[in-house]
Amino acid sequence: MKKIDDFINQWCGKKAMVPVAIDAITACEEKMKLSLPKSYQYLISTYGLLHTPNVMSKTCTIGSRIGQTQDFLSLEDMSALTELYQMSGMPKGHVLFASDCQGNMFCFKRSDCLVETRDCPVWLYDNNTREVTQVAESLSEWLNQLNAD
């Protein structure tokens, strides 16, 4: 999980973060009837829910396709916002996990989360076009894109 650790070291540094308990992750998975990728579980159970507003300036500078990641959703928000966004026009079959500063959401495909996996592709729901497009082959790759200079 080196890419995840590198991301944390670059963007979060010494900020105090509260890891999410494994029991809470398991409860969320049971409620949503899915299995979150092990890479995502590692990220939130080791470091917690990230708030990374400095990523916006970096993505503008490097012209990244991955959007301006700002907040990783709480487990409660993951479930509630997924339902809300689907009612508002987002195609069904996605699980939201992070947002940018413009109301766009990063997600996993629900079908990728029906079996236990180490990692899975990251998708971006564009709130303006109401389209979902793949932005990375995995969470680790997605985070690693921000680590490139």
Side-chain angles (χ1 to χ4, degrees), residues 1-56 58-59 62 64-87 90-127 131-149:
M1 306 279 173
K2 182 176 176 357
K3 292 177 182 180
I4 292 174
D5 297 332
D6 290 346
F7 176 83
I8 295 298
N9 289 333
Q10 181 168 347
W11 294 107
C12 301
K14 306 276 186 223
K15 293 179 190 170
M17 294 179 280
V18 178
V20 176
I22 295 294
D23 293 348
I25 296 170
T26 301
C28 175
E29 289 177 321
E30 289 172 0
K31 177 181 178 186
M32 295 182 74
K33 295 177 177 57
L34 52 77
S35 181
L36 294 168
K38 294 296 178 194
S39 57
Y40 177 75
Q41 290 181 34
Y42 171 80
L43 174 68
I44 66 172
S45 68
T46 303
Y47 297 107
L49 302 171
L50 308 179
H51 176 70
T52 56
N54 294 335
V55 170
M56 183 169 66
K58 174 75 171 201
T59 57
I62 64 174
S64 173
R65 312 183 321 257
I66 67 171
Q68 302 167 350
T69 313
Q70 185 163 338
D71 288 305
F72 283 67
L73 304 176
S74 71
L75 296 176
E76 296 82 18
D77 285 348
M78 180 185 285
S79 176
L81 288 176
T82 293
E83 289 182 32
L84 180 65
Y85 270 70
Q86 287 175 350
M87 290 188 315
M90 180 180 80
K92 292 187 180 203
H94 299 87
V95 179
L96 306 179
F97 71 89
S99 66
D100 71 7
C101 61
Q102 299 173 340
N104 302 314
M105 303 300 282
F106 297 96
C107 52
F108 302 118
K109 269 197 171 177
R110 185 170 191 65
S111 59
D112 291 338
C113 297
L114 295 179
V115 295
E116 189 174 304
T117 60
R118 180 169 175 79
D119 217 341
C120 67
V122 173
W123 299 77
L124 175 68
Y125 169 64
D126 184 309
N127 202 29
E131 295 177 357
V132 182
T133 55
Q134 185 175 334
V135 293
E137 288 294 320
S138 67
L139 178 70
S140 300
E141 179 190 301
W142 179 66
L143 294 173
N144 193 52
Q145 290 176 26
L146 289 169
N147 289 331
D149 289 328

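Looking at Leu49, Ile44, Leu81 one by one, the single match for side chain to side chain contact (heavy atoms under 4.5 Å, CB included) with Ser74 turns out to be Leu49.
Using a 3.5 Å distance cut-off with no hydrogens or angles, the side chains of Asp5 and Tyr47 do pair a donor with an acceptor.
For Asn104, the side-chain hydrogen bond (donor to acceptor under 3.5 Å, both in side chains) test picks out Asp100, with sequence neighbours left out.
Ring pair Phe97/Phe108 is parallel by interplanar angle, where below 30° counts as parallel and above 60° as perpendicular.
Of the inter-residue distances, the one linking Lys109 atom NZ with His94 atom NE2 reads 5.5 Å to the nearest 0.5 angstrom. In this structure, CD in Glu83 is found 9.5 Å from NZ in Lys92, a value given to the nearest 0.5 Å. Trp123 contributes atom CH2, which lies 12.0 Å from atom CD of Glu131 (distance to the nearest 0.5 angstrom). Annotation: the span from Tyr40 atom OH to Ser140 atom OG amounts to 13.5 Å, rounded to 0.5 Å. Considering OG1 of Thr82 and CE of Met105, their distance stands at 7.0 Å, rounded to 0.5 Å. Atom-to-atom distance recorded for Ser79:OG and Leu96:CG is 10.0 Å, nearest 0.5 angstrom.
In plain terms, the two heavy atoms of Tyr85 and Gly103 that are nearest each other are OH-O, 3.0 Å. Listed here is the closest heavy atom pair of Asp119 and Ser39: OD1-OG, 2.7 Å. When all heavy atoms of Glu137 and Gln134 are compared, the pair lying nearest together is OE2-NE2, 3.0 Å.
A donor-acceptor pair under 3.5 Å is absent between the side-chain atoms of Asp71 and the main chain of Ser99, judged by distance alone.
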Less than 3.5 Å apart, which donor and acceptor atoms pair up between the side chains of residues 22-37 and the rest of the protein, not counting sequence neighbours?
| from | atom 1 | to | atom 2 | distance (Å) |
| --- | --- | --- | --- | --- |
| Thr26 | OG1 | Ile22 | O | 3.1 |
| Glu29 | OE2 | Leu36 | N | 2.7 |
| Glu29 | OE2 | Gln41 | NE2 | 2.8 |

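Salt bridge annotation for Glu116-Lys38: present, with a cationic side-chain nitrogen under 4.0 angstrom from a carboxylate oxygen.
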